[in-house]
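The next block holds one structure in the form of structure tokens; read it before the comments.
Numbers here are sequence positions counted from 1.
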Amino acid sequence: MQIDAPVPNTRAWGDPLALLLASTGEGVFGIDLDGLCVFINHAGARMIGFEPDELLGRNMHDLTHHSHADGAHYPVEDCPIFKAFLEGLPCRIDSEVFWRRDGSSFPVEYSSHPIVDGGAVRGAVVTFVDITERKRAADALQRAKDELEERVGERTLALATALKQVRELAARSEAVREEERTRIAREVHDELGSLLVALKMDVNWLDKRLSEQEQRTLEAAVDMRSRMRCKCQNMSRLIETAVDNVGRIITDLRPSILDHQGLWAALEWQAQEFVQSAEMSLNWCMDVDDVPDPPEPLAMGVFRIFQEMLSNVGRHSRADRLGVHIVVKGTSLRLTVQDNGVGAPAQAFEAADAYGVMGMRERARHFGGDIHIDSAPGQGTRMGLTVTLPPGDLV
């Protein structure tokens, strides 16, 4: 037995084209060669603030495409939709705006497809969609990109500046080391060299006098022995001076007190030596209880930073009073040097040629510490070091 296929109910579909236009969220309208609206769907009419029936027979360019985004007049002969009529070619545009009934505009992406009948263009179908959110997202993305590029540029500049400062600091450190080598070489040559030459001459004199001793009379020999004793005493004084000079040069290179008595004693010794040579009064305060000395690298770093702080006071402050405060609380070591000198503006300590300050900061950063400076013209200068001590070095 043959079963007939069911017959579809086409009445529910009515006009398929009308259903298609009504179901799409894009605006769709058709225009004739005069630009007059032939049809428009509900979505398109709502986007520009009209009902579909109000737009039929009206010029769509004059109604919704009459001006650019900046409000400048948009001649119909420049309109891509109009040009599509003339050339018979489709177009797709996403850089323009449509205008609403209330005078506001919105960014739009539209495409125009010419309707060709019998080889002649009869009109065009235009589809359009509101791309406000897309534009907003694109603008936000562009702003984020611009901000990122700006931040990258700032970081790149900061890194370049930091690299330049590091190179300048390295060059300055090398120059300082060379100056120190030259100074030590000069001291060895001028002081130790002259002392050794004098001792050599005295030894030669003694050798000559001793070789002649047997030829002298008893009275002359007694007199010569007295002169040789004086010469020996003078040589002893020269040797003591040489020993003192060697000790001073060694102390300049590395103070032995740091190795023998530790950091706390070395800091106090350095402060006393400085104020004595600079003819300044000293307010000394150290509260470290029974905290052991830090490990050697950290102790040397703290000592060198302290030396540089004192050196800055001596070179620039013109002060007559110096305060030093050293305290250990928990794992934190705080060392402060304060003078009553002329002071300086804050930017002086950030200058590209402030190598002493840069050197202190580099040393402090190496051990995870920080240098802080508070100064103003006429108000003296307060320089401080804060560094964390290794837990194993605390009681």
Side-chain angles (χ1 to χ4, degrees), residues 6-143 145-146:
V7 178
N9 182 8
T10 58
R11 288 179 300 172
W13 289 86
D15 184 354
L17 179 59
L19 290 174
L20 178 63
L21 291 176
S23 64
T24 181
E26 296 182 348
V28 183
F29 64 85
I31 52 176
D32 61 18
L33 291 178
D34 294 323
L36 304 181
C37 181
V38 176
F39 69 87
I40 186 169
N41 66 347
H42 285 279
R46 282 196 303 271
M47 273 191 270
I48 58 176
F50 290 90
E51 292 295 328
D53 294 342
E54 297 179 277
L55 297 172
L56 298 179
R58 300 183 66 175
N59 188 293
M60 294 299 289
H61 181 83
D62 293 342
L63 196 66
T64 193
H65 205 204
H66 50 77
S67 301
H68 292 285
D70 60 1
H73 177 61
Y74 199 157
V76 67
E77 56 269 20
D78 294 339
C79 175
I81 299 173
F82 178 76
K83 289 182 178 180
F85 290 168
L86 300 180
E87 300 172 3
L89 298 174
C91 67
R92 187 180 185 88
I93 307 295
D94 64 357
S95 58
E96 296 181 351
V97 299
F98 276 4
W99 294 84
R100 300 187 183 92
R101 185 175 197 166
D102 61 6
S104 61
S105 65
F106 60 95
V108 68
E109 178 184 339
Y110 68 85
S111 59
S112 175
H113 295 269
I115 301 300
V116 181
D117 183 22
V121 177
R122 303 300 182 184
V125 173
V126 179
T127 61
F128 66 96
V129 62
D130 185 345
I131 58 172
T132 299
E133 291 303 320
R134 187 199 305 175
K135 286 285 187 181
R136 185 178 291 119
D139 291 344
L141 181 61
Q142 185 61 45
R143 284 194 303 272
K145 180 182 177 182
D146 293 342

Rounded to the nearest 0.5 Å, what separates atom SG in Cys79 from atom NE2 in His66? 12.0 Å
Interatomic spacing from CD1 in Ile31 to CG in Leu55 - rounded to 0.5 Å: 12.5 Å
Please give me the minimum heavy-atom distance between Val129 and Glu26, naming the atom from each residue. CB-CG, 4.5 Å
Provide the closest heavy-atom pair for Ala45 versus Glu51 in the form atom of the first, atom of the second, distance. CB-C, 4.0 Å
Test item: His65 side-chain N/O and Tyr74 main-chain N/O as donor-acceptor pair under 3.5 Å: no
Provide the full list of side-chain hydrogen bond (donor to acceptor under 3.5 Å, both in side chains) pairs with a residue in residues 121-133, sequence neighbours left out, each pair given once. Ser111-Thr127, Asp130-Thr132, Glu133-Arg136
Suppose we screen for ring-ring contact (aromatic ring centres under 6.0 Å, His included). Which residues come up paired with His113, at least two apart in sequence or across chains? none
Met60 and Val126: CA distance, side-chain angles, deciding distance, side chain to side chain contact (heavy atoms under 4.5 Å, CB included) verdict: CA-CA 10 Å; Met60 294 299 289; Val126 179; over 6 Å; no
In a check of side chain to side chain contact (heavy atoms under 4.5 Å, CB included) between Leu63 and each of Phe98, Phe50, Trp99, which one passes? Phe50
Side-chain donor or acceptor of Asn59 paired with backbone N/O of Asp34 under 3.5 Å: yes
More than 12 heavy atoms of other residues, nucleotides or ligands under 6.0 Å from CZ of Arg92: is that the case? no
Distance col, row Arg46:CZ vs Ile40:CD1, nearest 0.5 angstrom, shows 10.5 Å
Gap separating the CD atom of Glu77 from the NE2 atom of His61, nearest 0.5 angstrom: 8.0 Å
Which value, rounded to the nearest 0.5 Å, describes the distance between Ser105 atom OG and Glu96 atom CD? 12.0 Å
Nearest heavy-atom pair of Ile48 and Thr64: which atoms, and what distance? CG2-OG1, 3.5 Å
Rounded to the nearest 0.5 angstrom, the CD1-CZ distance for Ile81 and Phe128 is 9.5 Å
